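Remarks on the structure that follows.
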Amino acid sequence: MTAKTSDFWILIVDDDVHHRAMVRANLEQFGYRTLEVSNGRDAIETARREHPNLIIMDMRLPECDGITAMREIRAFDPQVPMLMMTGYGTIETAVQAIKTGAYDYLLKPVDVNDLQSAVENGLHFGELKGTASAEHAEASLFPGIVWKSPLIEEILKTVSAVAPSDASVLITGESGTGKELVADAIQRLSRRAGKPFIKVNCAALHEQLLESELFGHEKGAFTGALEQRKGRFELADTGTLFLDEIGDMAGTTQAKILRVLQSGTFERLGGTQTIEVDVRVIAATNKDLKQAIEKGAFRKDLFYRLSVVPIHLPALRERRDEIPLLAEHFLRRFAVKNKKPMRRISAEALRIMVNYNWPGNVRELENAVERAVILGLGDSITPDVLPAHIRGDASRSPFSTTPDQPTPVAADTGEPLTLLEQAERDLIIQAMIACGGNRTKAAEQLGMSRRSLYTKLKRYGLETQRDKDGDEGE
Ligand SMILES: Nc1ncnc2c1ncn2[C@@H]1O[C@H](COP(=O)(O)OP(=O)(O)OP(=O)(O)O)[C@@H](O)[C@H]1O
Ligand SMILES: [Mg+2]
């Protein structure tokens, strides 16, 4: 698919009205679409909100100069190509511009032919970079993590401080708050980066299986143990072991883990040979371990061993200021992944998202945005493509912390959906996601006619504005 110039939005930042108008007129003549601002502050805001495909930026600007603005924009958008313009053609300014991440610079007043070829180069450059790293901040210390709240800033400081040591880290927080992401960051920033990084979900296996998974077993240790097998502790030797969902472990397993943490030694199941390993442990749980200790379900000594450095991730509703940033991050990721021209979130949809309680935290937000990108049409996410329970919850107090999800209701009758209908609705959403929003394919996959899929989309409140307008085209 070849892109047309009208597919591209270019942000022009220049305080000189006449020069700006000249640049705009030229770009529009080539067919590009343009946005204009006159200072660095507005440039940052507009770049954040509109995600232009390219930015043309003057170096000298009121309020916040071009270099500063570029630096700030780079922090949240490592990819957008930026072209500098300067009236002062010195090597120093050019070097400074390139260092901050501009791909080229032009002397003012810009020459039309230079402008055209520089923009073409830039958009091509953007494409290349975009495919090389579709994700956030390769250059960042914390790739894949998006944040702005001071709460998270503090946590990331702790992460960088603790990562290089061999201290055990216990990461707590509700489901979907980013515990695994933090564990990954610790490993990546540690001296053990590049060494084995082994993850075990302790809740997924029951007692004996988990122990054999962790410590390995000798041949004949139990029925079905046909050969000797190394456990995860052995596989993680010299590296890091991530024990996820550590809150649900049997007492004997806890005791064995404690011993490894204390002495670095253990025996395989059914074995007598003592094995010594050098493993750094990172553990995570969404359970309240202090409460589990009181109930006698979790060993106090293990808790203290694991939580040499405790890290607690706040629920998303305790850091609502991050919702817009995260939502936009996911919007861009899923727009690229699904090749949809979505670029923004409507003010109303954003208001709903900020007020919702997100019991499933960042993961739930991520899923809601993916769903909205798939189901939505046009260039923005509007409230109608948000799941009904998220829309419905918005009228409640934004500060209530009850993580309950109201039963979805039928859009046509207002009746609560039966469990069977809820299951069907989920299947339809999944099929729509799997088929990139293509209803013909989704209907095929679901084994239903296109017509009955339409009826159901309508009934379950999943239809989009285009359906309501009566346009059935795919
Ligand atoms: N700050 C963030 N920036 C970008 N993505 C995030 C952030 N926090 C969480 N996510 C994303 O949200 C999802 C859930 O994160 P993660 O799996 O780390 O959570 P978790 O706390 O381990 O959840 P669970 O307890 O359910 O295992 C992931 O897809 C992750 O990439
Ligand atoms: Mg997890």
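Because the structure is a prediction, the values reported are computed rather than measured.
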Starting from the C-alpha separation in whole Å, work towards a yes-or-no answer on side-chain contact (heavy atoms from CB on, under 4.5 Å) for Ile73 and Met57.
CA-CA 11 Å; Ile73 292 170; Met57 174 109 68; 4.0 Å; yes
Considering non-hydrogen atoms only, spot the tightest contact between [X] and [Y] and give its length.
X      : Y      : value
Gly173 : Lys179 : O-NZ, 3.0 Å
Glu348 : Pro383 : CG-CG, 3.4 Å
Asn26  : Leu115 : CB-CD2, 4.0 Å
Ala183 : Phe242 : CB-CE1, 3.6 Å
Ala167 : Val162 : CB-CG2, 4.3 Å
Gly247 : Thr285 : N-OG1, 3.6 Å

How many angstroms lie between [atom1] in [X] and [atom2] in [Y], if you round to the nearest 0.5 Å?
X      : Y      : atom1 : atom2 : result
Asp77  : Met82  : CG    : CE    : 7.5 Å
Ile345 : Leu386 : CD1   : CG    : 9.0 Å
Leu375 : Thr382 : CG    : OG1   : 10.0 Å
Ile198 : Leu243 : CD1   : CG    : 11.5 Å
Thr68  : Glu63  : OG1   : CD    : 12.0 Å
Glu234 : Leu241 : CD    : CG    : 12.0 Å

Sequence neighbours left out, what passes salt bridge (Lys or Arg N to Asp or Glu O under 4.0 Å) with [X]? Give chain and number order.
X      : result
Asp184 : Lys199
Glu245 : none
Glu154 : Lys157

Measure the shortest side-chain to side-chain distance between [X] and [Y] over non-hydrogen atoms and say whether it is less than 4.5 angstrom.
X      : Y      : value
Asp237 : Asp278 : yes
Leu325 : Arg48  : yes
Arg319 : Asp321 : yes
Phe330 : Val373 : no
Arg74  : Val80  : yes
Arg344 : Arg49  : no
His19  : Asp58  : no
Ile56  : Leu27  : yes

Is a side-chain N or O of [X] found less than 3.5 angstrom from the main chain of [Y], in a donor-acceptor match?
X      : Y      : answer
Trp358 : Met353 : yes
Asn361 : Arg363 : no
Arg191 : Pro164 : yes
Ser307 : Pro310 : no
Asn438 : Thr440 : yes
Arg343 : Glu50  : yes

Partner residues of Glu36 under the side chain to side chain contact (heavy atoms under 4.5 Å, CB included) criterion, sequence neighbours left out:
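Expected list: Ile12, Arg20, Arg24.
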With sequence neighbours left out, what residues match Asp42 under side chain to side chain contact (heavy atoms under 4.5 Å, CB included)?
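With sequence neighbours excluded, Asp42 shows a side chain to side chain contact (heavy atoms under 4.5 Å, CB included) to Val37, Asn39, given in chain and number order.
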As a test of understanding, state which of Ile390, Ile429, Ile381 forms a side chain to side chain contact (heavy atoms under 4.5 Å, CB included) with Arg371.
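Among the candidates, only Ile429 passes.
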Partner of Val159 under side chain to side chain contact (heavy atoms under 4.5 Å, CB included), chosen from Ile152, Val169, Val309, Val182
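Of all the options given, the one that passes is Val182.
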side-chain contact (heavy atoms from CB on, under 4.5 Å), that's the test. Do Ile67 and Met84 meet it? Break it down for me.
CA-CA 9 Å; Ile67 295 284; Met84 281 310 232; 4.1 Å; yes
List for me each residue that meets side-chain hydrogen bond (donor to acceptor under 3.5 Å, both in side chains) alongside Thr238, sequence neighbours excluded, and say none if there are none.
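Result, side-chain hydrogen bond (donor to acceptor under 3.5 Å, both in side chains) vs Thr238: none returned.
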Worked verdict on Trp147 versus Glu322 for side-chain hydrogen bond (donor to acceptor under 3.5 Å, both in side chains)
CA-CA 6 Å; Trp147 77 96; Glu322 296 204 308; over 6 Å; no
Between Arg192 and Asp166 (salt bridge meaning N to carboxylate O under 4.0 Å), is one present in this structure?
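Judged by the 4.0 Å cut-off on N to carboxylate O distance, Arg192 and Asp166 do form a salt bridge.
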With side-chain contact (heavy atoms from CB on, under 4.5 Å) as the test, would you mind laying out the steps for Leu316 and Leu326 before giving the verdict?
CA-CA 10 Å; Leu316 188 55; Leu326 283 163; 3.8 Å; yes
Could you point out which residue of Glu328, Glu366, Glu370 forms a salt bridge (Lys or Arg N to Asp or Glu O under 4.0 Å) with Arg333?
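Only one of Glu328, Glu366, Glu370 forms a salt bridge (Lys or Arg N to Asp or Glu O under 4.0 Å) with Arg333, namely Glu366.
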Below 30° counts as parallel, above 60° as perpendicular, anything between as tilted: where do the rings of Tyr32 and Phe8 land?
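Judged by the thresholds at 30° and 60°, the geometry between Tyr32 and Phe8 is tilted.
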Phe30 and Gln116: CA distance, side-chain angles, deciding distance, side-chain contact (heavy atoms from CB on, under 4.5 Å) verdict:
CA-CA 8 Å; Phe30 305 137; Gln116 187 182 10; 3.5 Å; yes
Do you know which of Arg450, Arg451, Lys458 makes side chain to side chain donor-acceptor pair (under 3.5 Å) with Tyr454?
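The side chain to side chain donor-acceptor pair (under 3.5 Å) with Tyr454 is passed solely by Arg450 among Arg450, Arg451, Lys458.
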Residue among Arg320, Arg391, Glu364 satisfying side chain to side chain donor-acceptor pair (under 3.5 Å) with Tyr356:
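Exactly one pass, corresponding to Glu364.
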